[in-house]
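Note: hydrogens, waters and symmetry copies are ignored here, and every other heavy atom, side chains too, is used.
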Amino acid sequence: MAAKVSYEGVEVGTELPVQSFPVTRATLVRYAGASGDFNPIHWNEKFAKEVGLPDVIAHGMFTMAEAIRVVTDWVGDPGAVVEYGVRFTKPVLVPNDGAGAVVEVSAKVAAKLEGNRVRVDLTAMSAGQKVLGMSRAVVQLG
């Protein structure tokens, strides 16, 4: 695959389409099985509360993976992401109410770099709180 977005076609400030990602307890159980991370704070409400959390929380790596989808969907090639990093600022609380939580992700081109690369800054929010900080990706464009 190759990036569908051309370097010449973007400017600093170009906004990527905003996406919302639903997260339910079932989502977390499936992710635990795929990742091997069966920490009970991600599926057992009683345990999560016993360790001081207000509720079950989404896996940080799951949240990070959902957020980068905004970039990979935009560029059209997951392999075009050459760097990606975040800081986990707040947990995504996932209530057992049938609806769960939603992570809303926006992103924009923050810098044009050498070699047809751009830096994309992402903002991930859930329940009105920023859940990822310093969320940045470097993307190789065509």
Shortest non-hydrogen contact from [X] to [Y]?
X: T24; Y: V94; value: C-CG1, 3.7 Å
X: A101; Y: P95; value: N-CD, 4.4 Å
X: V81; Y: V71; value: CG2-CG1, 4.1 Å

Q. Heavy-atom distance under 4.5 Å between the side chains of K112 and V118, does that happen here?
A.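 Side-chain contact under 4.5 Å: yes.
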
Q | R30: partners by salt bridge (charged side-chain N to carboxylate O under 4.0 Å, His left out), with sequence neighbours left out | A | none

Quick check on the hydrophobic clustering: are [X] and [Y] connected, directly or via other members, by side-chain heavy-atom contacts under 4.5 Å?
X: L28; Y: L53; answer: no
X: V86; Y: V70; answer: yes
X: M64; Y: I41; answer: no

Q | From CA spacing to verdict: side-chain contact (heavy atoms from CB on, under 4.5 Å), K4, V75 | A | CA-CA 6 Å; K4 296 178 183 177; V75 77; over 6 Å; no

Q: Could you tell me the separation between the OG atom of S35 and the NE2 atom of H59, rounded to the nearest 0.5 Å?
A: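 One finds 4.5 Å between OG of S35 and NE2 of H59.
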
Q. Which value, rounded to the nearest 0.5 Å, describes the distance between T89 atom OG1 and R87 atom CZ?
A. 10.5 Å

Q | CA sep, side-chain torsions, deciding dist, call: V109, E11, side-chain contact (heavy atoms from CB on, under 4.5 Å) | A | CA-CA 7 Å; V109 175; E11 297 297 330; over 6 Å; no

Q: List the steps, then state whether side-chain contact (heavy atoms from CB on, under 4.5 Å) holds for E66 with T63.
A: CA-CA 5 Å; E66 290 290 81; T63 305; 5.9 Å; no

(Q) Starting from F38 and following side-chain heavy-atom contacts under 4.5 Å between hydrophobic residues (I, L, V, M, F, W, Y), which residues can be reached? (A) none

Q.
I'd like to check the ring-ring contact (aromatic ring centres under 6.0 Å, His included) partners of F62; sequence neighbours left out, ordered by chain and number.
A.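 Here the qualifying residues are Y31.
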
Q: Would you please test V92 and I57 for side-chain contact (heavy atoms from CB on, under 4.5 Å) and show each step?
A: CA-CA 5 Å; V92 175; I57 63 171; over 6 Å; no

Q: With sequence neighbours excluded, give me every ring pair (Phe, Tyr, Trp, His ring centres under 6.0 Å) pair touching residues 72-96.
A: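 For residues 72-96: none.
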
(Q) Taking side chain to side chain contact (heavy atoms under 4.5 Å, CB included) as the definition, give me every residue that meets it alongside V18, ordered by chain and number, with sequence neighbours left out. (A)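 E104, S106.
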
Contacts table for residues 122-142: side-chain donor-acceptor under 3.5 angstrom, sequence neighbours left out:
| from | atom 1 | to | atom 2 | distance (Å) |
| --- | --- | --- | --- | --- |
| S126 | OG | V102 | O | 3.0 |
| Q140 | OE1 | R117 | NE | 2.8 |
| Q140 | NE2 | G115 | O | 2.7 |

Q.
So for atom CD, which belongs to E8, do other residues, nucleotides or ligands contribute more than 12 heavy atoms lying within a distance under 6.0 Å?
A.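 Check passes, neighbour count above 12.
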
Q | Pair E45, N96: side-chain N/O donor-acceptor within cut-off below 3.5 Å | A |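 Side-chain D/A pair, E45 to N96: absent.
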
Q | N-O pairing of D97 and R25 below 4.0 Å | A | no

